[in-house]
Amino acid sequence: IPVEPFDLVIFGGTGDLARRKILPALYRRFRAGQMPAGSRVIGAARSARSTNDYRAFVREALVEFGSADEGGQVESAFLALVHFVQIDVTGAQGWAELAAQLQPDRVRAYYFSVRPRLFGALAERIQSHGLATPDTRIVVEKPFGNDLASAQLLNATLAAHFEENQIYRIDHYLGKETVQNLMAIRFGNMMFEPLWNSQYVDHIQITVAESVGVGGRGDYYDRAGAMRDMMQNHLMQLLCLIAMEPPAKFDPDAVRDEKLKVIRALGPVEPHHIVRGQYEGNGDLPGYRDEVGNARSFTESYIALKAHVSNWRWAGTPIYLRTGKRLVARSSVINVVFKDAPHSIFGEAAGRHANLLSIRLQPNEGITLKVTIKEPGPGGMRLVDVPLDMSFAEALGPDSQSATDAYERLIMDVIRGNQTLFMRGDEVEAAWAWTDPIISGWTAAGDVPKPYEIGSTGPGDAELLMKRDGRQWQGIN
Ligand code: BG6
């Protein structure tokens with residue numbers, strides 16, 4: 001369904017995010033017929049260039065990151081909507097030109113793809129130059145602060161100029177098709193929800209494994225680490241969707257209220273329930289310290305921890321979270337491990353069997369339910385676990401594999417004014433309030449991350465974390 005024509009201004013229009021994600025996403029929505037002609041994409045940046053040069057820059061980005069229509073008519077039609085304005089975000093230059101580019105009676109979205117320390121100046125300038133209408137939205141990216149105090153400051157800065165319902169804080173995991181599917185699976189089916197509590201669920205594992213390293217973002221990453229880069233936001237959001245109560249309806253505040261309750265119910269994490277790791281070089285690939293260029297870095301590129309949601313539903317059911325770079329595979333999976341049957345009528349010899357629901361978020365999206373059956377043959381009542389396996393690609397066709405990337409969906413939601421998949425200010429703050437003492441705890445204790453091999457499942461201590469509880473991680477594959 002096409003949206004109404006809109007104006008989107010990208011501050012940081014020549015930056016990496018614009019090139020890799022925002023511009024290709026807009027183009028794909030245009031190609032799909034969702035972004036109407038009459039819309040405008042205005043790149044804004046500090047350095048001078050003409051609109052023609054900027055169009056060439058955009059074309060290159062499309063070729064590199066997702067255009068199948070190189071040089072074609074659709075591409076030309078899209079490029080015709082693209083404009084450029086040179087703006088100094090902290091100064092006076094360029095605002096009048098921007099005002100001249102903006103169209104009346106349009107939804108306006110300002111994408112803050114600039115350093116967070118510029119957010120305040122940017123928000124203030126947009127207002128003081130009269131460029132904000134009631135239909136104006138601003139979009140901000142992570143990192144949204146690097147602790148509670150900085151997140152509160154950012155929220156206060158933005159709130160001085162915009163209403164909460166105009167602020168769209170992106171966590172791109174929420175834009176992933178399969179992440180939204182978590183809600184459909186939980187709340188669209190009768191069979192899971194009655195079992196979805198500590199009476200039936202032994203524990204939950206959330207794994208977001210990456211095979212890539214830190215890449216060119218060493219500077220940022222070495223200050224952040226896996227806790228701030230992934231756990232505080234993406235894994236926390238997954239945890240919320242898995243653990244939250246059913247909202248009364250699928251509406252932004254109903255959903256976000258329930259997520260917030262989960263974050264607020266998270267108990268403190270015991271220091272011995274945290275394992276931090278750092279990958280070592282292996283001859284072919286550089287280790288973490290070489291990659292970030294900091295030989296004395298104690299930043300973690302891997303973290304595993306055991307969390308507790310202290311509420312009626314989940315008391316006694318731990319949630320184990322882990323994420324890391326340069327692991328054996330790229331794989332995001334949520335495993336819900338059910339308890340053993342309370343009594344085995346088949347006797348000790350039949351062994352212990354527990355149902356397992358695996359929700360694969362990426363790649364090879366799908367669901368597997370492990371069920372116990374009789375091992376065929378005359379050997380008596382021997383039990384064996386088999387998978388009921390469903391791959392979305394097989395069930396729904398190859399096109400079901402998120403043809404729409406997270407950014408496409410999220411940008412269109414900004415234009416439609418739907419905040420369901422965006423983080424509210426209080427959610428972000430609550431997430432930091434949980435994260436801060438964990439980080440200050442290991443900092444004060446002088447914790448040193450454990451080395452792990454590139455291509456492994458992380459440091460051995462993470463296995464111990466489970467083993468001590470008589471449990472084990474499901475494989476990363
Ligand atoms: C980003 C992190 O938010 O998410 C990166 O900053 C990480 O470090 C990325 O690689 C992972 O996203 P995806 O969509 O590839 O799972």
Side-chain angles (χ1 to χ4, degrees), residues 12 15-22 24-25 28 65-66 111-116 139-146 151 168-182 206-241 276-279 285 288 291-292 297 299-304 321-334 359-365 401-411 421-423 427-428 431-432 435 449 454 458 476-477:
D16 209 43
L17 184 74
R19 217 164 56 87
R20 284 174 183 277
K21 296 289 185 185
I22 307 172
R28 285 196 292 266
F65 300 103
Y111 208 119
F112 287 20
S113 184
V114 294
R115 281 176 226 280
V139 186
V140 295
E141 277 284 337
K142 71 176 266 256
F144 199 84
N146 65 345
Y168 288 70
R169 295 177 194 78
I170 288 205
D171 181 317
H172 80 283
Y173 266 58
L174 289 176
K176 287 181 191 271
E177 184 75 31
T178 42
V179 173
Q180 290 167 69
N181 208 7
L182 285 177
I206 302 180
T207 298
V208 177
E210 295 187 276
S211 50
V212 293
V214 173
R217 301 154 71 230
D219 248 14
Y220 149 76
Y221 193 92
D222 202 38
R223 275 178 281 118
M227 185 70 185
R228 291 190 174 94
D229 183 52
M230 297 289 287
M231 186 75 78
Q232 185 270 350
N233 38 80
H234 305 325
L235 277 88
M236 192 82 114
Q237 290 294 325
L238 297 179
L239 186 153
C240 285
L241 297 176
R276 299 164 67 237
Q278 206 181 60
Y279 55 87
L285 291 166
Y288 174 82
E291 220 174 324
V292 302
S297 172
T299 302
E300 76 286 355
S301 59
Y302 173 98
I303 185 163
L321 304 147
R322 63 175 167 171
T323 182
K325 295 202 183 284
R326 285 272 190 248
L327 297 178
V328 57
R330 174 174 191 250
S331 167
S332 301
V333 185
I334 298 176
I359 307 170
R360 293 188 301 278
L361 304 174
Q362 64 185 26
N364 185 22
E365 293 91 335
Q401 300 281 311
S402 317
T404 322
D405 130 305
Y407 276 86
E408 295 175 54
R409 175 170 300 108
L410 293 175
I411 293 172
L421 301 177
F422 296 83
M423 291 179 299
E427 256 185 277
V428 178
W432 282 119
T435 311
I454 290 178
I476 298 176
N477 43 41

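Numbering of ligands and ligand atoms starts at 1, following listing order. Predicted model only: the values in this text are computed from it and were never measured. If you read the sequence from its start, that first residue is 1, and numbering goes on from there.
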Would you mind listing every salt bridge (charged side-chain N to carboxylate O under 4.0 Å, His left out) that reaches into residues 211-224, with sequence neighbours excluded?
->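 Of all non-adjacent pairs touching residues 211-224, those that pass salt bridge (charged side-chain N to carboxylate O under 4.0 Å, His left out) are Arg217-Asp229.
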Qualifying salt bridge (charged side-chain N to carboxylate O under 4.0 Å, His left out) pairs, either residue in residues 206-216, two or more places apart =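 Only Glu210-Lys325 qualify under salt bridge (charged side-chain N to carboxylate O under 4.0 Å, His left out).
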Partner residues of Lys21 under the side chain to side chain donor-acceptor pair (under 3.5 Å) criterion, sequence neighbours left out =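 Lys21 satisfies side chain to side chain donor-acceptor pair (under 3.5 Å) with no other residue.
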Would a 4.5 Å heavy-atom cut-off, applied to side chains only, mark Pro24 and Tyr407 as touching?
->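 Sidechains of Tyr407 and Pro24: no contact.
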Enumerate the protein residues lying less than 4.0 Å from ligand 1, judged by heavy-atom distances, in chain and residue-number order.
->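 Near ligand 1, by chain and number: Lys142, His172, Tyr173, Lys176, Glu210, Arg217, Asp229, Met230, His234, Lys325, Arg330, Gln362.
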Which one of Val208, Ile206, Thr178 satisfies the side chain to side chain contact (heavy atoms under 4.5 Å, CB included) criterion with Ile334?
->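 So the option named by the test is Ile206.
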Answer yes or no: is there a donor N or O on one side and an acceptor on the other, between the side chain of Ser331 and the main chain of Ile476, under 3.5 Å?
->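 No.
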